[in-house]
Amino acid sequence: MTAAVAAAGVPDDVVSVTSRTASLRRLRRDPAALIGAAIVVVVAVCALFAPLIARVDPNAQNLTATLLPPAWIAGGVHEHPLGTDNLGRDLLARIIWGSRVSAIVGLSVVAIGGTIGVTAGLVAGYRRGRVDAVIARITDVQLAFPLVLLAVAIVAVVGPGLWTVIAAIGLTSWVQYVRVVRAETMSLREREFIVAAEAAGAAPGRVVARHLLPNVASAAIVLGTFEIARAIVLESSLSFLGLGVPPTTPSWGGMLADGRQYLDTAWWTALFPGLAIMIAVMGVNLLGDGLRDALDPEMRA
Amino acid sequence: MIFSILQAAPGGPLTPYLQNPHITQADIDRLSHNLGLDQPKYVQYFKWLWRVVQGDFGWSMSNSEPVTQAIVERLPATLELMGSAFTLSIGMGVLFGIVSAIRQYSWLDYLITTFAFFGQSMPVFWFALMLQLAFSVVGITAFGYHLALPSAGIATQDNFDLGDRIQHLIMPTIVLSLAFIAQYSRFMRSSMLEVIRTDYMRTAAAKGVSQRAVILKHGLKNALIPLVTVIALTLPGLFAGAVITETIFAWPGMGRLFINALGQFDFAVLMGYLVMVSFLVVFCNLLADICYAWLDPRVKYT
């Protein structure tokens with residue numbers, strides 16, 4: 001607390017304060033971003049320690065206790081705080097385990113899309129010329145095409161599964177990075193420090209890796225955060241359509257698809273997994289907004 | 001590109017027959033010969049492309065009807081849904097954006113911003129289920145009226161009844177537009193805020209133009225320019241959203257055709273649908289470019 005107060009007393013334009021600590025400080029002062037970060041931490045802890053947190057096996061069926069309501073409603077029991085689904089599986093345990101799928105998909109998609117997209121964007125922006133023309137044309141085509149539908153088609157045809165889903169969503173996500181990184185690189189490459197590095201004889205690879213990459217990183221990180229949110233929603237949509245992870249793996253979208261059939265008798269089977277998706281996505285989005293404001297105050301919308 | 005991915009898939013259009021014990025290998029061979037499936041892939045591709053140019057997307061194996069006919073039959077339903085959702089999205093998005101820009105940092109602004117945030121974070125299909133729960137399963141009683149909306153289909157009977165059609169349209173339209181209203185209003189807000197601070201707005205206000213006229217005549221047209229780009233960029237998303245919405249609300253449109261075809265490995269339909277959607281998107285982008293020229297006279301196409 002005292003640290004925060006002390007930090008708050010220092011004006012932003014003090015020269016000795018590096019931009020990174022200034023960004024962190026701005027982030028710490030943003031209540032919405034803190035809430036977002038807290039949600040993200042909770043989801044991450046759930047995903048990492050699911051076996052320790054969930055008291056019961058998410059796949060343990062109990063056909064004598066199917067579609068039990070949440071504990072606080074008449075008929076609910078304390079062993080199942082959020083009730084059970086049509087096979088008598090504990091909803092809370094499944095939601096906790098379901099965070100794993102969302103976390104894995106979110107992070108892997110960003111890793112795949114981010115790596116491809118940032119590389120392509122840097123190359124296109126720095127090399128210009130023919131390479132740029134080709135990359136720009138590919139991204140134009142991808143942006144004009146409903147990629148989500150293509151992802152759906154790929155998954156359906158190749159066969160559902162965690163890695164198919166990740167690959168399909170990853171394939172749809174790299175374009176955004178190219179767009180942002182390319183534009184950023186284009187404007188940076190004319191700046192003095194890049195020209196100076198080139199004049200000093202730095203090889204193109206070195207200029208890109210040492211001088212350009214750190215400067216486009218913040219834009220890419222902000223975009224990556226939003227892409228995590230998009231990937232989580234997309235994964236749950238695919239699972240909802242029956243094209244996601246196998247039904248034995250608990251996932252939020254899959255739970256919603258199961259719960260949909262019992263909407264008129266057991267609303268809780270559809271309500272809670274959906275709430276989980278919404279809260280997780282909102283957390284990531286809040287954090288993304290905060291990061292954008294903190295890393296790049298001029299970008300504030 | 002789409003063609004190669006679909007062709008690389010295991011299975012294939014004849015898979016359903018392979019599992020039927022009454023069909024011998026000889027039958028399969030004859031079938032694939034008749035359908036041209038034994039020819040090299042690139043020959044198939046160019047034959048397919050040539051027919052598409054002529055408006056023939058091939059034969060739907062699962063529905064036993066020409067793909068073109070299957071798509072054209074379902075096109076009006078999809079256009080009805082997308083058209084109403086699109087209109088609602090733009091209308092509400094622009095309205096919300098203007099209001100929260102003019103009254104920046106008021107409670108109304110915070111309300112709209114919060115709503116936009118929820119709208120962007122909420123999974124479409126979950127929102128749809130919750131609406132169904134509220135209005136179809138439970139039904140909401142308010143002000144002495146029992147509100148109940150049909151949760152599936154496009155109409156109750158075959159003969160046309162406007163009121164009935166509208167009732168069926170309400171929920172799918174709201175579901176499909178929610179995310180877009182959220183997105184457009186956020187964008188409209190920032191774009192309007194930028195415009196409000198410009199010199200020509202101050203000039204207009206200074207020479208005595210009423211506030212309403214300043215905002216609507218001078219501000220709106222300029223603030224709309226960047227929004228047109230965003231709308232064009234989100235169009236593919238509207239198609240994807242329509243697929244999910246149609247699935248949930250049993251809407252007899254192209255999206256459901258697509259999902260059914262996926263389950264049946266009906267490639268001709270999948271290809272036809274994806275080509276159709278790409279065509280519509282390109283067409284809408286062209287419209288967006290024309291809107292550009294109209295909104296911004298500086299843009300000249302030579």
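Chain letters run A, B, ... following the sequence lines, proteins first, then strands; residues in each count from 1. Since the model is a prediction, treat every value here as computed from it, not as a measurement.
- Of the atoms belonging to A:L286, heavy atoms from both backbone and side chain fall under 4.5 Å from chain B.
- Residues of residues 115-125 of chain B placed with any heavy atom under 4.5 Å of a heavy atom in chain A are listed by number as B:F117, B:F118, B:Q120, B:S121, B:M122, B:P123, B:F125.
- Heavy atoms closer than 4.5 Å to chain B are found nowhere in A:A229, neither backbone nor side chain.
- Looking at heavy atoms from C-beta onward, A:L275 lies in side-chain contact with B:W126 at the 4.5 angstrom threshold.
- Within the 4.5 angstrom heavy-atom criterion, only side-chain atoms of A:L241, from C-beta onward, approach chain B.
- Within a 6.0 Å radius of CD in B:Q104, more than 12 heavy atoms belonging to other residues, nucleotides or ligands are found.
- With chain B as partner, the option from A:V233, A:I232, A:I277 having the largest number of non-hydrogen pairs under 4.5 angstrom is A:I277.
- For the pair A:L256 and B:L129, the tightest heavy-atom approach, listed with the atom from each and the gap, is CD2-CD1, 3.6 Å.
- The distance from atom CZ of A:R260 to atom OG1 of B:T247, rounded to the nearest 0.5 Å, is 7.5 Å.
- Interface remark: B:I244 contributes side-chain atoms only to the contact with chain A (heavy atom separation under 4.5 Å).
- Looking at A:L271, both its backbone and its side chain come within 4.5 Å of chain B, counting heavy atoms on both sides.
- With a 4.5 angstrom heavy-atom cutoff, B:F258 touches chain A only via side-chain atoms.
- By number of non-hydrogen pairs under 4.5 angstrom with chain A, the leading residue of B:L235, B:V243, B:I259, B:I248 is B:I248.
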